[in-house]
Asker: 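Below you will find the structure I want to go over with you.
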Amino acid sequence: MDIHYKIAGLTAEGVHEAHRRDLEVQDKYGVQWLSYWFSVDTGRTYCMYEAPDADAGEACHREAHGIIADEITEVNPGT
């Protein structure tokens, strides 16, 4: 899961478009984007994905739209 703490000018449309671009290049990096959450009020965005490692998720974001996460945390699925 990655967190973007403050994306200036964040809009719902912008987040949806960034996610669409991630989906376009995800296979190249072995990433599968699962979900995302965001707050227009705070500019904070959370992205959940499966990937071989954190670098793959970052590379996918970089190519898709250039918005790099501030923090990446490996998490395990719950039941």
Asker: Taking a hydrophobic cluster as the set of Ile, Leu, Val, Met, Phe, Trp and Tyr residues connected by side-chain heavy atoms closer than 4.5 Å, whether directly or through intermediates, do Met48 and Phe38 fall within one such cluster?
Answerer: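 Different hydrophobic clusters.
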Asker: Indicate, with yes or no, if Leu23 and Val31 share a hydrophobic cluster defined by side-chain heavy-atom contacts under 4.5 Å among Ile, Leu, Val, Met, Phe, Trp and Tyr.
Answerer: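 Yes; tracing contacts between hydrophobic side chains, which count when under 4.5 Å, links both residues.
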Asker: Report yes or no: does Asp70 contribute a side-chain atom to a donor-acceptor pair with the main-chain N or O of Tyr5 at less than 3.5 Å?
Answerer: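 Yes.
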Asker: Tell me, please, which residues at least two apart from Glu63 pass salt bridge (charged side-chain N to carboxylate O under 4.0 Å, His left out).
Answerer: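 Glu63 satisfies salt bridge (charged side-chain N to carboxylate O under 4.0 Å, His left out) with Lys28 only.
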Asker: Calculate, to the nearest 0.5 Å, the distance between atoms NE2 and CD belonging to His19 and Glu24 respectively.
Answerer: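 Here the rounded value is 11.0 Å.
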Asker: Looking only at non-hydrogen atoms, find the nearest pair between Ala69 and Asp2 and report the distance.
Answerer: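 Heavy atoms of Ala69 and Asp2 come nearest at CB-CB, 3.4 Å.
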Asker: CH2/Trp37 to OG1/Thr45 distance, rounded to the nearest 0.5 angstrom?
Answerer: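 It is 11.5 Å, given to the nearest 0.5 Å.
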Asker: Would you say that Arg44 contacts Tyr46 through its side chain, given a criterion of any heavy-atom pair below 4.5 Å between the two side chains?
Answerer: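 Yes, close enough: below the 4.5 Å cut-off.
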Asker: Could you point out which residue of Arg21, Arg62, His4 forms a side-chain contact (heavy atoms from CB on, under 4.5 Å) with Ile67?
Answerer: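 When Arg21, Arg62, His4 are each tested with Ile67, the side-chain contact (heavy atoms from CB on, under 4.5 Å) holds only for His4.
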Asker: Using side chain to side chain contact (heavy atoms under 4.5 Å, CB included), reason through Glu58 and Ile68 one step at a time and then give a plain yes or no.
Answerer: CA-CA 6 Å; Glu58 183 175 317; Ile68 304 304; 3.9 Å; yes
Asker: Quick one: does Gln26's side chain have a donor or acceptor within less than 3.5 Å of a partner on Trp33's backbone?
Answerer: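 Confirmed, Gln26 side chain pairs with Trp33 backbone.
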Asker: Do Ile3 and Leu34 land in one hydrophobic cluster if side-chain heavy atoms of ILVMFWY residues count as linked below 4.5 Å?
Answerer: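 Yes, it is one cluster - the side chains of Ile3 and Leu34 are joined through contacts under 4.5 Å.
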Asker: Mind listing the closest non-hydrogen atom pair of Tyr29 and Ala59 along with its distance?
Answerer: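 Minimum heavy-atom contact is CE2-CB, 3.5 Å.
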Asker: For Ser39 and Leu10, which heavy atoms make the closest approach, and how far apart are they?
Answerer: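 Scanning both residues completely, I find the closest heavy atoms to be O-CD2, 3.3 Å.
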Asker: Give the minimum heavy-atom separation between Ala56 and Ala51, together with the two atoms involved.
Answerer: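 In this case the closest contact between Ala56 and Ala51 is CB-CB, 4.2 Å.
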Asker: Rounded to the nearest 0.5 Å, what's the gap from NE2 on His65 to CD on Glu17? Could you check?
Answerer: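 Between atom NE2 of His65 and atom CD of Glu17 there are 9.5 Å.
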